[in-house]
Amino acid sequence: MSYTPVLLANVHKPDGHTLAVYEASGGYRALRRALKELGPDDVAGMVRASGLRGRGGAAFPTALKWSFLPKDHPGPIYLCVNADESEPGTFVNRVQMEGHPHQIIEGIILSAYATRASTAYLYLRYEYPLCHKRMQTAIDEAYAKGYLGKNILGSAFSLDIFIHRGAGAYVCGEETGLIESIEGRRAWPRIKPPFPAVEGLFRKPTVVNNVETMACVRAIVALGVEWFRSIGIPPDPKNPRDMGSLGPKLYGISGHVNRPGCYEAPLGISARQAIDELGGGVWKGRRVKAVVPGGLSTGVMTADELDLPLDFVGPLRAGCLGLGTACLIVLDETYSMFDFLYNSCRFFAHESCGQCTPCREGTHWSMMILRRMKAGRGRLIDLDLLAEVGDSIGIIPGTTICGLADGAAWPIKTTIRKFRGELEEYIQRTNPAGYKSTEPVFAET
Ligand SMILES: Cc1cc2nc3c(=O)[nH]c(=O)nc-3n(C[C@H](O)[C@H](O)[C@H](O)COP(=O)(O)O)c2cc1C
Ligand code: SF4
């Protein structure tokens, strides 16, 4: 695959995180030009024309989200940059922030200019101390050089960036949970509407965007709309609703591969290319059994589905939740899918904030059923029970406030549908006397 990285351009350079190296590689030139030659609407127009879709998991068109901000608002407008990155298997924002922090800051300034935001908050996962150090140093360097603060580079535009360290829960990454957390409360997601663009941080219009989205904004202004649109999968001309999957993407690869890591490639490479060409193939000469395409929430693909493109629609065709964070977890042929299901349910039961009954009870009881199975008291009908829970919790079935419950449901549904035989064999092997039972059983505590 021949592709020159842009989002990771400085990550492997000596001192690539410093202002000196960033400026030497053309850093902050896009900002200089934008402040001199382009108005905020021109920058927003470039982002719209590029077809950029948010990289935080939902793939929402970035310029469309910005357009929901009220026009001529007297202010303030806030920009929250989501660096919570708590999705299991996901670590690409960390690599960017540690290795290429100024690119993110330039993207934040350009995005704030386009949205007329006067303050930006970087909501940073607490467990990322090196990111904290690198981002704070980069912000200080940017202030010292006049890229941040009052009247940036002599223009009428002013912006302050503050880092807010996260509170250590997965749900802090949900955009309204994140807003609650910055306001000093528990990260309980808010019922929408109102959406943050109308009433967000401190009840003011707010945009929440992912770190990688910010870096893409910078790349679009620096390298142009045509460059961005020349990468990835264009919209299907036969489908007017298809927005395409354009631009570069960071793919994280972890699990049973020879070269786990963070890689940049055009959107739409196949899972097989990601594993073989980027990740160096499955370790120990083994074969793939299953792959999580984009963070645990997205569910699993089988070895037969590896040729699907990792764009915004490919994983949907495999019955997954979507491309999510494009961070793959590769499981080799020896790995137990029961263990996968058990670990997944354990995670979501622990992370549910408890506000919505279907999520609180559904994630908890799934965990209890799996614990009982692990203790040798599983029944075949438990798989139907789990699948029923999976089908009934989340925003998609319309029963919860936020998408954490959908994230809990997809690993359950896809594992049961695609690996039912292996799970049935596990239940029969561990409970030979009672696996056919349909009688009620006590939960393990
Ligand atoms: C439970 C949960 C956790 C999330 N965690 C993150 C996260 O860590 N980082 C992120 O960018 N988006 C996360 N999101 C998605 C955000 O709510 C939001 O859609 C995203 O930050 C928007 O950025 P984008 O438009 O640039 O993609 C999460 C969503 C849910 C439901
Ligand atoms: S879906 Fe779950 S995590 Fe999200 S608000 Fe409801 S209970 Fe909390």
Side-chain angles (χ1 to χ4, degrees), residues 47 52-66 68 79-94 96-97 104 107-108 111 115 121-128 166-181 186-192 195-197 200 206-217 247 249-250 294-298 312 321-327 347-364 392-410:
V47 174
L52 172 64
R53 294 170 68 176
R55 302 318 202 210
F60 197 84
T62 304
L64 183 62
K65 185 186 277 189
W66 294 356
F68 298 147
L79 171 63
C80 294
V81 181
N82 196 338
D84 192 55
E85 199 163 63
S86 304
E87 176 72 30
T90 302
F91 50 86
V92 292
N93 292 166
R94 175 174 65 73
Q96 277 187 297
M97 287 186 284
I104 299 163
I108 294 174
S111 302
T115 55
Y121 289 90
L122 180 80
Y123 189 89
L124 178 64
R125 185 188 165 105
Y126 191 84
E127 298 88 339
Y128 278 180
Y170 175 56
V171 79
C172 292
E174 195 278 340
E175 56 183 2
T176 56
L178 179 152
I179 286 170
E180 287 282 311
S181 179
R186 279 187 190 178
W188 278 357
R190 294 178 183 169
I191 294 175
K192 290 149 271 206
F195 287 94
T206 301
V207 168
V208 183
N209 274 137
N210 173 262
V211 165
E212 188 182 333
T213 309
M214 295 292 95
C216 287
V217 169
K249 183 77 197 80
L250 298 182
L296 186 56
S297 295
T298 53
F312 294 126
L321 186 54
L323 181 63
T325 60
C327 286
F347 173 78
F348 288 106
H350 184 257
E351 296 296 336
S352 169
C353 83
Q355 284 189 99
C356 319
T357 309
C359 175
R360 183 184 65 242
E361 300 299 316
T363 55
H364 173 75
S392 55
I393 63 173
I395 292 186
I396 293 173
T399 59
T400 63
I401 295 172
C402 93
L404 184 143
D406 301 86
W410 253 259

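Model, not experiment: these values are computed from the prediction. Just the heavy atoms: all of them, side chains too, but no hydrogens, waters or symmetry mates, feed the values below. When a ligand or atom number is given, it counts from 1 through the structure's own listing order.
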Exercise. Counting N and O atoms only, with roles assigned by atom type, does the side chain of Glu175 sit under 3.5 Å from a partner on the main chain of Pro196, one being a donor and the other an acceptor?
Worked result: no
Problem set entry | Cationic N near anionic O, under 4.0 Å, Arg53 to Glu212 | no
Problem set entry | Donor on one side chain, acceptor on other, Tyr121 and Thr206, under 3.5 Å | no
Exercise. So which protein residues pack against ligand 1 under 4.0 Å, heavy atoms counted?
Worked result: Gly54, Arg55, Gly56, Lys65, Asn82, Asp84, Glu85, Ser86, Tyr170, Gly173, Glu174, Glu175, Val208, Asn209, Asn210, Thr213, Gly403, Leu404
Exercise. Do NZ/NE/NH1/NH2 and the carboxylate oxygens of Glu180 and Arg186 come within less than 4.0 Å?
Worked result: no
For this session: For the pair Trp410 and Thr298, evaluate side chain to side chain contact (heavy atoms under 4.5 Å, CB included) and give the outcome as yes or no after the intermediate values.
Result: CA-CA 6 Å; Trp410 253 259; Thr298 53; over 6 Å; no
For this session: Keeping the roles fixed (side chain from Thr325, backbone from Gly294), state whether a donor-acceptor pair exists under 3.5 Å.
Result: yes
Exercise. What is the number of protein N/O/S atoms located under 2.8 Å from atom 4 (Fe) of ligand 2?
Worked result: 1
For this session: Please step through side chain to side chain contact (heavy atoms under 4.5 Å, CB included) for the pair Ile401 and Arg190, ending with a clear verdict.
Result: CA-CA 7 Å; Ile401 295 172; Arg190 294 178 183 169; 5.9 Å; no
For this session: Start with the C-alpha gap between Asn209 and Asn82, add the side-chain angles, then the distance that decides, and say whether side-chain hydrogen bond (donor to acceptor under 3.5 Å, both in side chains) holds.
Result: CA-CA 6 Å; Asn209 274 137; Asn82 196 338; over 6 Å; no
Exercise. Do the side chain of Glu174 and the main chain of Pro189 share a donor and acceptor less than 3.5 angstrom apart?
Worked result: no
